[in-house]
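A, B, ... follow the sequence lines: proteins, then strands. Residue 1 opens every chain. Because only heavy atoms are used, hydrogens play no part in the values below, and waters and symmetry mates are left out as well, while side chains stay in.
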2 protein chains.
Amino acid sequence: MASSILSRRLASSLRPSPGLSASGYRHQQTIAKRVEEVEFDGPCMKTEVPGPRSKILAQQLEGIQSVNRMLDVYTQTASIPIGYNHPALTKVMTDPKNMGTFVNRPALGMMPPEQFFEKLVNGLMAVAPKGFSWVQTMACGSCSNENAYKAIFIWYRNKMRGTSEPTPEEVRTSVINQVPGCPDLTLLSFMGGFHGRTLGCLATTHTKAIQKLDMPSFDWPIAPFPQLRYPLDTFKRENAQEEAHCLEEAEDLIVKWNQKGRHVAGVVIEPIQAEGGDNHASFDFYRKLRGITKHGCAFLVDEVQTGGGSTGKIWAHEHWGLDDPADIVSFSKKMLTGGYYQKDGFQTDMPFRIFNMWLGDHTKNLLLTEVIKVIKTENLLDQAKRSGKVMLEGLYNLQVIPPPLPLSRARGIGTFCAIDVKVEDTCNNLILKARNKGVVLGGCGTQSIRFRPALVFTEHHAHLFLDIFNDAIAELK
Amino acid sequence: MASSILSRRLASSLRPSPGLSASGYRHQQTIAKRVEEVEFDGPCMKTEVPGPRSKILAQQLEGIQSVNRMLDVYTQTASIPIGYNHPALTKVMTDPKNMGTFVNRPALGMMPPEQFFEKLVNGLMAVAPKGFSWVQTMACGSCSNENAYKAIFIWYRNKMRGTSEPTPEEVRTSVINQVPGCPDLTLLSFMGGFHGRTLGCLATTHTKAIQKLDMPSFDWPIAPFPQLRYPLDTFKRENAQEEAHCLEEAEDLIVKWNQKGRHVAGVVIEPIQAEGGDNHASFDFYRKLRGITKHGCAFLVDEVQTGGGSTGKIWAHEHWGLDDPADIVSFSKKMLTGGYYQKDGFQTDMPFRIFNMWLGDHTKNLLLTEVIKVIKTENLLDQAKRSGKVMLEGLYNLQVIPPPLPLSRARGIGTFCAIDVKVEDTCNNLILKARNKGVVLGGCGTQSIRFRPALVFTEHHAHLFLDIFNDAIAELK
């Protein structure tokens with residue numbers, strides 16, 4: 001099979017290839033077409049991308065605009081849950097009883113609209129991770145993490161002082177940014193982690209310099225994230241060593257920073273480091289990390305990019321099988337609204353401690369409730385598992401065939417997949433080539449391509465994608 | 001007149017009052033009813049607030065819900081620009097060509113939709129303050145300020161190092177939160193100022209302890225904000241002294257912090273301190289403060305609450321008559337989208353330095369474009385001036401008549417008005433009394449009531465409000 005892919009790769013991908021295999025997918029001859037009804041029968045490119053109209057718009061916006069029909073394997077950075085123009089969502093828009101919510105944006109903390117409770121119950125709470133009975137909505141991923149951090153700091157200080165009642169000195173000093181009112185608490189984050197770009201989040205983000213350069217920050221502890229070899233199962237022993245080393249370092253940091261009085265109130269981590277380069281760790285690593293947080297710090301799982309179903313579960317961290325659930329799980333993107341779940345004890349003790357004017361956008365809750373329904377009725381989590389299997393197998397194949405281009409480290413859970421391209425420029429070139437062939441991809445880290453299709457991405461789409469990705473690679477060799 | 005108001009106040013406001021003056025407004029006999037068509041003929045209360053249905057919803061949500069017809073003089077904390085259910089906005093929602101934007105939220109920094117440029121030109125840029133040719137959208141007020149701060153830090157560091165090209169040492173250290181990559185720059189803010197609740201913004205917010213308690217913060221300089229006597233014109237001389245003192249202190253802080261190497265990159269201030277208690281300063285104070293920023297720091301005017309027209313100008317700071325415009329003006333609330341205007345030199349020098357996934361919500365730009373049109377065609381800025389005049393005169397009257405309740409410090413520009421109630425509990429009680437009479441109000445500071453009607457609030461509504469406010473006060477005496 002490897003050589004058959006290679007030979008096809010050598011053919012110019014822009015010319016029609018009449019001699020395809022029986023399955024109709026060129027990248028793999030053995031698979032039978034299993035999708036009965038195919039609404040989307042492949043990209044249909046009429047111009048280069050950006051096209052002429054886009055060039056005019058791009059001139060105005062210095063941006064880009066897609067006007068061809070394309071297969072989107074990036075979906076606005078993983079933020080379109082069930083594809084574009086899903087009828088369930090257009091129905092929300094045309095329902096007259098939703099009109100008021102869209103034109104009169106309510107301040108959810110003060111004037112929650114009538115449907116608010118119902119939509120939270122049938123939306124966010126219907127997919128709450130096990131162990132979570134509280135949810136707080138926010139407008140975006142950064143605000144979600146900023147406020148999750150605040151919830152952790154409040155919880156930690158209440159624990160330290162043994163009461164939620166501050167001293168007069170704390171009250172006085174808090175307003176002027178001084179201790180003890182504004183204590184010198186810290187959060188432990190990981191190298192390569194990304195948690196947002198507002199100043200609080202940014203202090204826990206350690207991806208690219210361009211995101212942090214020139215910004216005042218907090219001096220907080222940063223642990224190494226395991227640098228593993230893929231596939232994880234093949235390199236179990238050496239990966240376990242690397243993980244043990246990182247866990248040891250993380251625990252050391254917590255102990256040392258606690259000792260010097262700069263207490264580590266929480267640990268924040270992604271189930272897969274996404275912006276940082278789709279870096280995975282074993283489920284065992286995360287279970288052990290949860291154990292380490294028993295030094296008294298909260299455990300915050302940032303599911304902004306991993307949440308919403310693409311790993312085959314709504315929450316990627318559900319794969320870990322934690323005995324003791326995390327304390328806070330933050331989300332945004334595919335969930336349409338930002339926010340976080342929190343365990344008993346993390347909800348605020350007094351009104352207005354965690355607060356802002358809008359506290360999210362209720363129109364997103366209306367849409368999300370329908371998204372959740374569609375995910376369930378259309379079995380989209382199973383779909384993601386099946387499509388992901390096709391994708392990952394296809395990616396494995398790409399990196400073992402004689403290389404016209406060195407591809408490596410194929411990895412993924414569900415459709416949340418990635419592959420590395422040796423040289424950064426080549427990686428960017430490959431993304432551009434694929435785009436001109438009608439496939440939208442995105443990069444991450446310095447030389448990874450990440451795949452972030454919507455949940456309606458079927459095995460058929462996965463095969464289409466692999467065909468075109470093959471062709472794009474062939475052009476680069 | 002004063003006694004006639006008092007006598008009416010003494011009458012029970014819940015019984016009908018047949019003997020009204022010729023104008024139809026009880027709070028003032030001399031004014032003629034000038035509104036030809038009155039769509040809204042006063043509140044119509046059938047139950048206490050919250051009503052029975054609301055109590056059920058409130059039990060579920062531990063929140064509140066309004067089901068009566070009410071006169072909203074708070075408008076979701078000043079965030080409903082042209083009233084509820086304005087036909088211009090419902091039209092946006094029912095226009096099929098807008099459907100895609102509502103159900104497929106675009107990542108504006110990467111995939112700006114076709115109408116993006118046009119909507120920015122006819123929306124935000126159509127009302128840009130003089131001197132501003134750049135605008136950046138964001139999702140909310142906090143994100144707007146966080147990113148405005150970042151723009152300032154980038155600008156300041158580029159100025160310091162004489163190039164936008166960082167050293168390898170800066171690149172290396174920035175990722176791990178250390179100097180020189182993450183420099184020890186500061187922002188000067190004012191006591192009583194409110195700029196948001198994410199950790200960066202929170203370091204410049206100095207209102208209530210409850211908002212800041214237990215949160216790690218930045219040690220940045222804080223200047224006193226003038227504590228003035230109202231009406232400003234009546235106490236010109238002593239107010240000028242207070243302002244001179246505050247300006248001196250602000251300048252001292254900048255000089256001293258620059259000297260000790262903790263450079264003040266910017267000064268951030270509201271045109272009227274809103275959350276902090278509707279604290280005004282003279283236009284002259286702001287002009288002089290702008291002069292002080294010539295010590296090399298950027299001047300950021302936070303118009304999140306003051307922007308959008310209620311002062312009789314789209315931007316409150318346009319009242320100041322600055323010779324040299326501010327450097328950055330941030331907004332949200334009534335503008336429906338968050339964001340900020342910036343002067344040449346503050347736009348980012350490299351892509352992705354100021355960035356997040358959504359960069360606002362284009363549906364808000366669609367709505368805002370219509371809001372701007374309505375403001376212009378319906379002359380709503382003039383409307384705000386006229387209604388504001390009625391309101392402020394009514395408030396002045398309330399505080400000079402023999403007091404059943406000590407009211408003081410009536411103040412305002414346009415409809416952006418406030419008044420103080422001596423005791424905090426009484427202030428909250430008055431807000432509740434008014435609510436049960438069908439008028440929604442909000443507090444600010446510790447003992448102020450702020451008035452934040454929409455721009456469609458007419459003189460007629462102002463009179464209705466004053467009548468009911470009178471009645472509520474009468475019940476408290």
Side-chain angles (χ1 to χ4, degrees), chain A residues 57 60-61 63 65 76-77 79-80 84-85 89-90 93 99-100 102-104 106-107 111-112 114 116-117 139-140 142-143 146 150 153-154 157 166 170-171 174-177 181-185 197-200 203 206 209-210 212-219 222 350 352-353 356-358, chain B residues 57 60-61 63 65 76-77 79-80 84-85 89-90 93 99-100 102-104 106-107 111-112 114 116-117 139-140 142-143 146 150 153-154 157 166 170-171 174-177 181-185 197-200 203 206 209-210 212-219 222 350 352-353 356-358:
Chain A
L57 290 165
Q60 294 176 325
L61 274 171
Q65 171 74 15
Q76 317 285 331
T77 317
S79 68
I80 301 287
Y84 294 90
N85 300 305
L89 302 186
T90 55
M93 296 300 305
M99 175 69 84
F102 280 92
V103 302
N104 313 312
M111 298 273 184
E114 174 147 4
F116 189 43
F117 176 75
C140 68
S142 283
C143 282
E146 288 273 341
K150 290 170 69 172
F153 292 133
I154 292 171
R157 282 293 289 174
E170 285 175 319
V171 169
S174 68
V175 183
I176 51 172
N177 303 14
C182 293
D184 197 7
L185 293 178
R197 299 162 189 263
T198 46
L199 292 189
H206 315 286
I210 198 75
K212 292 173 64 83
L213 185 71
D214 298 342
M215 305 306 163
S217 194
F218 293 107
D219 182 21
I222 310 165
M350 282 177 274
F352 299 106
R353 298 200 73 177
N356 61 50
M357 191 194 62
W358 280 319
Chain B
L57 290 165
Q60 293 176 326
L61 274 171
Q65 171 75 15
Q76 317 285 329
T77 317
S79 68
I80 302 286
Y84 294 90
N85 300 306
L89 302 187
T90 55
M93 296 301 305
M99 177 67 88
F102 280 91
V103 301
N104 313 311
M111 298 273 184
E114 174 147 6
F116 189 43
F117 176 76
C140 69
S142 282
C143 282
E146 287 273 342
K150 290 171 67 172
F153 292 133
I154 292 171
R157 282 294 289 175
E170 285 175 319
V171 169
S174 67
V175 183
I176 51 172
N177 303 14
C182 293
D184 197 7
L185 294 177
R197 298 163 189 261
T198 46
L199 292 189
H206 314 287
I210 199 73
K212 292 173 63 82
L213 185 71
D214 300 340
M215 306 304 162
S217 193
F218 293 107
D219 181 22
I222 310 163
M350 282 177 276
F352 299 106
R353 298 201 72 177
N356 61 49
M357 191 195 61
W358 280 318

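Among A/I176, A/D219, A/L213, A/T198, the residue with the largest count of heavy-atom pairs under 4.5 Å with chain B is A/L213. Ranked by non-hydrogen atom pairs under 4.5 Å with chain B, the options A/P183, A/G200, A/A203 are led by A/P183. Contact count against chain B (heavy-atom pairs under 4.5 Å) is highest for A/N104 among A/N85, A/L199, A/N104. For chain A, the option among B/C182, B/P216, B/A107, B/G181 with the highest count of heavy-atom pairs below 4.5 Å is B/P216. Most heavy-atom pairs under 4.5 Å with chain B: of the set A/M350, A/H206, A/M215, A/E170, this distinction falls to A/M215.
With a 4.5 Å cut-off on non-hydrogen atoms, B/L185 touches chain A through its backbone and its side chain both.
When all heavy atoms are compared, the tightest approach of B/S79 to A/W358 is OG-NE1, 3.9 Å. Among all heavy-atom pairs drawn from A/T77 and B/M357, the shortest one is O-SD, 3.4 Å.
Note that CZ of A/R197 and SG of B/C143 are 12.0 Å apart. Values are rounded to the nearest 0.5 Å. Rounded to the nearest 0.5 angstrom, B/D184 CG and A/S217 OG are separated by 11.0 Å. Atom-to-atom distance recorded for A/I210:CD1 and B/I154:CD1 is 8.0 Å, nearest 0.5 angstrom.
The side chain to side chain contact (heavy atoms under 4.5 Å, CB included) test applied to B/T90 returns A/M99, A/V103, B/P87, not counting sequence neighbours. Taking the side-chain hydrogen bond (donor to acceptor under 3.5 Å, both in side chains) definition, one finds that B/K212 meets it with A/N177, sequence neighbours left out.
Not one N or O on the side chain of B/Q76 forms a donor-acceptor pair closer than 3.5 Å with the backbone of A/P106.
Relative ring orientation between B/F218 and A/F218 is described as parallel, the plane-to-plane angle staying below 30° on a 0-90° scale split at 30° and 60°.
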